[in-house]
A.B. asks: 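Can you keep this structure in mind? I'll have questions shortly.
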Amino acid sequence: MTTTTEISSDWQSRADALTIDGRAFVDGRRVEGGDRSSRPTTSPVDGRVLAGLAACRPADVDTAVAAARRAFPAWSRKGAAGRKEVLLALAALLEHHAAELALLETLDSGKPILQTTTVDVPGAISTLRWYAEAIDKQSGELPAVPPGATALVTREPLGVVAAIVPWNFPLEIAVWKLAPALAAGNTVVLKPAEQTSLSVLRLAELASEAGLPDGVLNIVTGTGREIGAALAHHMDVDALAFTGSTAVSRTLLEASGRSNLKRLSLEAGGKSSNIIFADTADLAAAAAKAAFGAYYNQGQVCSANSRILVQREVHDEFAALLAEAAAGYSPADPLAGLGGNGALISAAHADDVEGWIVRGRTEGEVLFGGARREIRGSDAYLEPTLLGGLPADHDVHREEIFGPVAVLHAFDTEAEAVALANATEYGLAASVWTSDLSRAHRVAGDLLAGTVSVNTVDALGNTTPFGGFKQSGFGRDLSLHAFDNYTAPKTTWIQFG
C-alpha cells in the first residue's frame, strides 16, 4: 500500500470552517429524531466525523408523511407557473451555494472536489431548472368521443411521494426524483442514504428559503432497514421512487403489495457491457471512453461499463491503450482539486471490492492495477483494475462489484458479442464501438438495455429517459417520461347533448 499526503489548503480550510447540521428536515424546519438520538457520519476522505446524523424512527416517518399530506392540496393547486417560480428560485439558491454543496458532497462521499464542483452540483441544478421550465409546457388531451360529449384527459399528481436514493450520486439522483415529483404537484418525503445525507439536508433548507411551503419537502435520515421499510409499508404514501440494488427493489415490490399498492419506480442494478469491434475508427478514443465508463466515480456507477468485450483482432492493442487511459483514474486526495479518482464510499466497501480483485487474481489474472492506496490516513482508495482470463460465466461477469474493477473478454463474431452482452440478469445500459452504421443499428437493436451508447459510453441527459430492462427495474428518470412516475391520467367526461 502506498501513501499520499497532498492536501489543498484552500478546500481544506473551507472544510475546517464548515458547520454541518445533521438533523432531519420535517415540515419546514430542522428537527431531532423522535428519541433525539444520532449517529456519527464519517468522511471516507480521511475518516473524520462530519456530524451527528439524526437517527430517525418510524414515528418520525409518520410525522413527515402527515406533514406532506397536509401540504399536498395547496401545493398541487398552486398551478404550474407558481411551482415553476419556486423551483427556479431554488435552482438559483443552489447555484449561489454551489461551492458549499460540492464540499459537502466530497466530504460525505469521497468524490473528488473537481468532480462535485463541475459535474454533480451543476448537474443537479441543470435538472432542477429543466423540470421547472418543463412543467408549464405540459398539456392535456381532448380525445375523440361521440357527439354531444367532451372528454378531457389531464395528468394529475399522485399525492405523497417517497423517494429513497443511493450514496453514489447523493445530490444528483435526489434531484432526479425531487424535480419532476415537485414540479408535477406532489409532496415528497425523501430518505437519503445513511452514508451521504448532508447535501440533501442542506438542499431542503435552501428549498424553504426559496419559498417552498412547509411540508412539501421532508428529509428523514436513518437506515434503509428501518426508515426505508417504514416508507415502503406506509399506508399514506402514494408512490415510491427508488435507486439502488435489485435485492432491495424486490423487498419494495413486496412491501407495496402488502400495504396500499403504492406506485413504484425502481432503478435497480446493472452489469453493463462495452463492445469494441475491430472496425472502430479510433481505438485510442474508444479506450479513453472505456476507462471513463468503467472507472469514473471510483466505478461506483449503476450503469458502469465494467464488462469490456473486445474483438480478438484488436484485443491486445486495445488492452495496452486501456492501461494508458486508466492511469488518469488513479486515486488522489479528493480535496486537492486534481483529476483522478477519490475514495470509495467506505473502507469496508473497499474491502469488499478488494475481495473481488483477490478472487480475479486467483482464478484469472490482474492485467493492471489492483493495489490499495492510503491517502490522508484513509485506506478507502483503490487503483483502477482490469481483470482477464476469466470465463464468460464467471461471477465477475455477472455480479455488480460497484468499484473500479473491470473485466476484459475477447470475442470473434457479432453474434457472439451480443450473446455475451445479454448474458446477464440486468439490462440497464450498454455501449457499442464500430464504424459500420448498419452494424451500429443492428447491434443496438439486439442489446437488451435501457440505454445503448454508440461510439461513446454511458450517454445520458435531461432530455433522454434513463432506466432499465429485466432486473434493472422499471420506470424512468430524466426526460418528460419521468413525469409518468409521479402522475396519472384522469378523464373528465362532460355530456351536454
Side-chain angles (χ1 to χ4, degrees), residues 25 28 68 71 75-76 78-105 109 111 115-138 157 161-166 168-192 196-213 215-219 239 241 243 265 267 460-466 475-487:
F25 190 90
W75 178 247
S76 62
K78 189 174 182 66
R83 296 194 297 271
K84 169 183 174 177
E85 181 180 358
V86 174
L87 295 180
L88 287 177
L90 173 57
L93 277 175
L94 294 183
E95 196 163 53
H96 181 72
H97 292 270
E100 176 194 356
L101 291 165
L103 184 55
L104 284 172
E105 203 80 326
S109 70
K111 295 169 180 277
Q115 177 184 327
T116 57
T117 54
T118 62
V119 178
D120 294 58
V121 174
I125 295 167
S126 172
T127 298
L128 184 59
R129 283 197 171 120
W130 194 88
Y131 281 105
E133 291 288 358
I135 192 59
D136 65 354
K137 282 79 174 175
Q138 304 304 298
V161 171
I164 302 175
V165 298
N168 57 331
F169 291 93
L171 185 64
E172 269 201 289
I173 293 180
V175 172
W176 287 9
K177 316 293 188 189
L178 295 176
L182 294 174
N186 300 279
T187 55
V188 176
V189 179
L190 183 140
K191 192 204 87 67
T196 53
S197 301
L198 301 179
S199 60
V200 177
L201 286 168
R202 186 69 178 109
L203 177 148
E205 282 188 321
L206 294 173
S208 183
E209 185 178 336
L212 197 71
V216 172
L217 174 59
N218 308 273
I219 312 295
T243 293
S265 55
E267 194 270 275
L460 60 79
N462 290 329
T463 59
T464 55
F466 179 77
R476 293 295 185 266
D477 288 316
L478 300 175
S479 82
L480 296 177
H481 293 278
F483 284 126
D484 294 338
N485 300 332
Y486 310 110
T487 63

A.B. asks: Could you tell me whether the side chain of Leu182 reaches within less than 4.5 Å of the side chain of Arg83, counting heavy atoms only?
C.D. replies: no
A.B. asks: So, using side chain to side chain donor-acceptor pair (under 3.5 Å) as the criterion, who are the partners of Glu105 when residues are at least two apart?
C.D. replies: Ser199
A.B. asks: For Gly215 versus Ala71, what's the shortest heavy-atom pair and its separation?
C.D. replies: C-CB, 3.6 Å
A.B. asks: Looking at Leu460, is its backbone amide N or carbonyl O close enough to the side chain of Thr464 to form a donor-acceptor pair, meaning the two atoms are under 3.5 Å apart?
C.D. replies: no
A.B. asks: Keeping Lys78 on the side-chain end and Lys84 on the backbone end, is there a donor-acceptor pair under 3.5 Å?
C.D. replies: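 Not confirmed, Lys78 side chain does not pair with Lys84 backbone.
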A.B. asks: Return the set of residues passing side chain to side chain contact (heavy atoms under 4.5 Å, CB included) with Ala482 (not counting sequence neighbours), or none when no residue passes.
C.D. replies: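 Side chain to side chain contact (heavy atoms under 4.5 Å, CB included) list for Ala482, sorted by chain: Tyr131, Pro180, Asn485.
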A.B. asks: Looking at Glu133 and Arg129, is any side-chain nitrogen of the basic one under 4.0 Å from a carboxylate oxygen of the acidic one?
C.D. replies: no
A.B. asks: Checking Glu85 now: which residues fulfil salt bridge (Lys or Arg N to Asp or Glu O under 4.0 Å) with it, not counting sequence neighbours?
C.D. replies: none
A.B. asks: Quick check: do Pro192 and Ile219 have side-chain heavy atoms less than 4.5 Å from each other?
C.D. replies: yes
A.B. asks: So how far is it from Thr116 OG1 to Leu104 CG, rounded to the nearest 0.5 Å?
C.D. replies: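 The CG atom of Leu104 is 9.5 Å from OG1 of Thr116, to the nearest 0.5 Å.
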A.B. asks: Determine whether the aromatic ring centres of residues Phe466 and Trp176 are separated by less than 6.0 angstrom.
C.D. replies: yes
A.B. asks: When you compare the side chain of Asp120 with that of Leu171, does any pair of heavy atoms fall below 4.5 Å?
C.D. replies: no
A.B. asks: Quick check for you: to the nearest 0.5 Å, what is the distance between Ile125 atom CD1 and Glu172 atom CD?
C.D. replies: 10.0 Å
A.B. asks: Do any side-chain atoms of residues 205-213 form donor-acceptor pairs under 3.5 angstrom with protein atoms, and if so which ones, sequence neighbours left out?
C.D. replies:
residue	atom	partner	partner atom	Å
Glu205	OE1	Arg202	NH1	3.0
Glu205	OE2	Arg30	NE	3.1

A.B. asks: Do Lys177 and Thr243 have a side chain donor and acceptor closer than 3.5 Å?
C.D. replies: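 Present: a donor and an acceptor within the cut-off.
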A.B. asks: Do Pro170 and Lys111 have side-chain heavy atoms sitting under 4.5 Å apart?
C.D. replies: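 Of all side-chain heavy-atom pairs linking Lys111 with Pro170, at least one is under 4.5 Å.
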A.B. asks: I'd like to check the ring-ring contact (aromatic ring centres under 6.0 Å, His included) partners of Tyr486; sequence neighbours left out, ordered by chain and number.
C.D. replies: none
A.B. asks: Between atom OG1 of Thr196 and atom CG of Asn168, what is the distance when rounded to the nearest 0.5 Å?
C.D. replies: 8.0 Å
A.B. asks: With sequence neighbours left out, what residues match Leu480 under side chain to side chain contact (heavy atoms under 4.5 Å, CB included)?
C.D. replies: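 Leu480: side chain to side chain contact (heavy atoms under 4.5 Å, CB included) contacts with Trp130, Ala134, Gln138, Phe483.
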A.B. asks: Taking the side chain as everything from C-beta on, heavy atoms only, tell me whether Leu128 gets closer than 4.5 Å to Leu87.
C.D. replies: yes
A.B. asks: Enter the distance from Asn186:CG to Leu178:CG here, rounded to the nearest 0.5 Å.
C.D. replies: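 One gets 11.0 Å once the value is rounded to the nearest 0.5 Å.
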A.B. asks: Using atom types as modelled and distance alone, determine if a side-chain donor or acceptor of Asn218 lies under 3.5 Å from a backbone N or O of Val188.
C.D. replies: yes
